[in-house]
Amino acid sequence: AMAALNAYRCIECNGEAAELYRDYRRGVLRISICKSCQKPVDKYIEYDPVIILINAVLCKAQAYRHILFNTKINIHGKLCIFCLLCEAYIRWLQLQDSSQNTDPDDLIRYAKEWDFYRMFGIASLEQTSFFIGIFITLWWMTPEMLKRKSDFILLLKALLLSTYGKLLLIPTVIWEHDYTPLCLAFIKVFVLISNSQAIRVTLNLNRVHPWFAIFFGLILENGVVCLFQKMGLDV
């Protein structure tokens with residue numbers, strides 16, 4: 001089972017640690033050494049945030065452990081909303097491109113605004129379905145890893161933070177070119193890879209189980225999409 005939320009983790013072996021460093025005053029700090037692997041518990045506490053971000057983009061497990069276990073980042077909710085807004089905006093733009101209606105009437109403008117809110121709602125429901133599929137699969141495969149409410153909360157936080165790749169949707173559309181559909185596909189793959197690494201690091205699993213969970217999450221998400229399409233909604 002996972003440790004309590006206030007426990008630190010060694011970024012190398014995922015072992016528990018009581019502290020990340022010891023302060024000897026006068027600006028003298030000594031990084032703690034992991035008792036299990038005899039390596040620094042968290043070397044990233046000395047790194048610039050830009051370096052940490054680059055390592056996270058490269059999907060390094062050590063960077064994910066630093067962010068999830070050894071920092072007090074609390075932006076996952078805001079990040080989730082912003083990513084969903086980005087996705088809704090992309091879908092809304094694609095919907096406007098297909099409508100070709102240039103009537104400036106207030107009713108038309110109101111309808112277009114409503115379309116954006118509808119796309120936001122659909123994107124939110126799809127992501128919720130994706131996460132539910134992941135949670136159900138992981139709970140079925142490794143019930144010992146998700147015994148407490150705190151375990152679910154930590155995994156949800158990890159999944160929300162790992163969707164940061166969706167922020168790339170906006171510059172992709174702003175600098176639109178012939179390869180935009182390919183870029184959108186790459187962003188989707190990158191987000192799935194980030195989700196997989198977040199699951200692996202949070203639950204300390206092998207590489208197969210996270211992808212198995214993501215596969216069933218995608219099945220549930222696509223099921224929701226098919227349901228919307230049968231209802232005659234543009235998704």
- line: Interatomic distance, NZ@K147 vs CG@D151, rounded to 0.5 Å, equals 9.5 Å

message: For a quick check under 3.5 Å, do N55 and Y44 share a side-chain donor-acceptor pair by atom type?
response: yes

message: If I take atom NE2 from residue H66 and atom CZ from residue R9, how far apart are they, to the nearest 0.5 angstrom?
response: 15.0 Å

query: Short question: side chain of T202, backbone of L155 - any donor-acceptor pair under 3.5 Å?
result: no

task: Apply the side-chain contact (heavy atoms from CB on, under 4.5 Å) test between F130 and each candidate in N222, L125, I214; give the one that qualifies.
output: I214

- request: Find the distance between CD1 (I81) and OG (S124) and round it off to the nearest 0.5 Å.
  value: 6.5 Å

- request: Using a cut-off of 6.0 Å, state whether more than 12 heavy atoms not belonging to F135 lie near its atom CZ.
  value: yes

- prompt: About how many Å separate CD1 of I193 and OG of S162, when rounded to the nearest 0.5 Å?
  reply: 11.5 Å

- request: Determine, step by step, whether Q197 and R200 satisfy the side chain to side chain donor-acceptor pair (under 3.5 Å) criterion, reporting the C-alpha distance in whole Å, the side-chain angles of both residues, the deciding distance to 0.1 Å, and the verdict.
  value: CA-CA 5 Å; Q197 191 71 308; R200 180 180 168 228; 3.2 Å; yes

- request: Starting from the C-alpha separation in whole Å, work towards a yes-or-no answer on ring-ring contact (aromatic ring centres under 6.0 Å, His included) for F82 and Y164.
  value: CA-CA 9 Å; F82 193 70; Y164 67 92; over 10 Å; no

message: Before we go on, tell me: are the rings of F212 and F216 under 6.0 Å apart, centre to centre?
response: yes

field: Nearest-0.5 Å distance, CH2 of residue W211 to CG of residue L205
entry: 14.0 Å

- request: Drop me the distance from K60's NZ to I11's CD1, to the nearest 0.5 angstrom.
  value: 10.0 Å

